[in-house]
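Notes for the one structure printed next.
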Amino acid sequence: MMGYLSKFGYDEVYFNKILLQNIENDPLLKQDDALKKALCELVSQGGKRIRPLFLLMATDLGSYPKKEDCYLAAVAIELLHLSSLIHDDIIDHSPMRHNVLTLHERYGAKVALKLGNYTLNKSLELFSHFDNPSLHLQLAHTMKQLCLGELKQKEDLFNFNLQLEDYIEKSHQKTGTLISVSLVIGGLIAHLSNNELDELSKLGHSIGIAYQLKDDISDFTSLSSSLGKPVGNDLRQGIITLPTIFALEDDLIKEELMSLHLNKESSTFDSLCKRINSGHYIQQSEDVCQSYINNTLAIMNKLPNLKPKMSYLIELLFN
């Protein structure tokens, strides 16, 4: 299954070759058939490969870095992303992801946890190829932020006192930080200046927030069949996203929202999700999303060589 890499002129066949070679030639996997089968299934599902795409886009800004370095880092960042998804699904007890059973549902939590740990380890092993302290500091910071974001989400289940600032911080930790580091690592491989690296980091932050917002809005506005989970699943799990934060500002719905808990009747969640979807809270959230898209476009003006491809990607992601 081809993702976005080939669409943007990158060598997706080469990317997949490196990815599969690192799996098939790993002595550890030869000793564990269940782990190898699960990982091969996961890799074969493909995906958009958005984070590798961001990394490769950033490498284009430099003076001809080695292809093998660029794609090795792209594979490593994809493995780090996969690891974060696997661990998130286990922690959140998610049965489905994009209409596909999650690994812990198919193979059990033990295999899924081993696979999450393995993909993280393999990612770091591939990144160890790069003798660049700044790159490894960036990775360490990113892993810390990913963990903090997941812990914060757990702490804040059914916390109806969250503000916009809390939501933005958590969204950056869970989504923006990995997009930012993808761009920055690409920039480091391409030997970009510190000013250019700073702009790439800001770009990743802005796109990441917008991307998370789009996903959280879709949780209320999309059909259950396309989501692969119930409409308003975040709210049903106690995860307070921006549409709910805006709804909590409305006295007509605030009291009912604040009475929710994990064991509340499904019909109550159904009713409140419909009211959030039909209210002005979705438009408010879309306005915030658009502000981050606009900010992304403004940052791109400082990176003109990145602008054509990045503009096209934003069009694909948000239109």
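Since the model is a prediction, treat every value here as computed from it, not as a measurement.
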Side chains of [X] and [Y] only: does a donor on one sit below 3.5 Å from an acceptor on the other?
{"X": "Ser259", "Y": "Glu256", "result": "no"}
{"X": "Asn117", "Y": "His87", "result": "yes"}
{"X": "Ser171", "Y": "Gln212", "result": "no"}
{"X": "Asn294", "Y": "Gln290", "result": "yes"}
{"X": "Asn277", "Y": "Thr221", "result": "no"}
{"X": "Asp216", "Y": "Tyr167", "result": "yes"}
{"X": "Gln145", "Y": "Thr177", "result": "no"}

For the aromatic rings, using the six-membered ring if either is Trp, is the centroid distance between Phe15 and Tyr10 under 6.0 Å? no
Minimum-distance pair of heavy atoms, taken over all atoms of [X] and [Y]:
{"X": "Ala210", "Y": "Ile293", "answer": "CB-CG1, 4.0 Å"}
{"X": "Gly232", "Y": "Cys273", "answer": "CA-SG, 3.6 Å"}
{"X": "Leu61", "Y": "Leu192", "answer": "O-CD2, 3.5 Å"}
{"X": "Gly208", "Y": "Ile179", "answer": "CA-CD1, 3.8 Å"}

With a 6.0 Å cut-off (strictly less than), is the heavy-atom count around [atom1] of [X], excluding the residue itself, greater than 12?
{"X": "Asn301", "atom1": "CG", "answer": "yes"}
{"X": "Lys154", "atom1": "NZ", "answer": "yes"}
{"X": "Lys7", "atom1": "NZ", "answer": "no"}

Would Lys67 count as a cation-pi partner of Tyr71, with NZ or CZ less than 6.0 Å from the six-membered ring centre and within 45° of the ring normal? yes
Regarding Lys264 and the six-membered ring of Phe269, is the cationic atom NZ or CZ under 6.0 Å from the ring centre and inside 45° of its axis? no
Look at [X] together with [Y] and state whether they make a salt bridge at an N to O cut-off of under 4.0 Å.
{"X": "Glu78", "Y": "Arg49", "result": "yes"}
{"X": "Asp270", "Y": "Arg236", "result": "yes"}
{"X": "Glu150", "Y": "Lys174", "result": "yes"}
{"X": "Lys152", "Y": "Asp156", "result": "yes"}
{"X": "Lys114", "Y": "Asp32", "result": "yes"}
{"X": "Lys36", "Y": "Asp26", "result": "no"}

In chain order, what residues pass the side-chain hydrogen bond (donor to acceptor under 3.5 Å, both in side chains) check against Tyr211, with sequence neighbours excluded?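 Per chain and number, Tyr211 pairs via side-chain hydrogen bond (donor to acceptor under 3.5 Å, both in side chains) with no residue.
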Ignoring hydrogens and angles, tell me if any N or O in the side chain of Ser201 forms a donor-acceptor pair with the backbone of Asp198 under 3.5 Å.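 Answer holds: no.
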For Ser206 and Leu203, indicate whether the former's side chain and the latter's backbone hold a donor-acceptor pair under 3.5 Å. no
So Leu306 and Leu200, do their side chains get closer than 4.5 Å, heavy atoms only?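 In contact.
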Answer whether the closest heavy-atom distance between the side chains of Met143 and Leu120 falls below 4.5 Å.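 Side chain of Met143 against side chain of Leu120, heavy atoms only: contact under 4.5 Å found.
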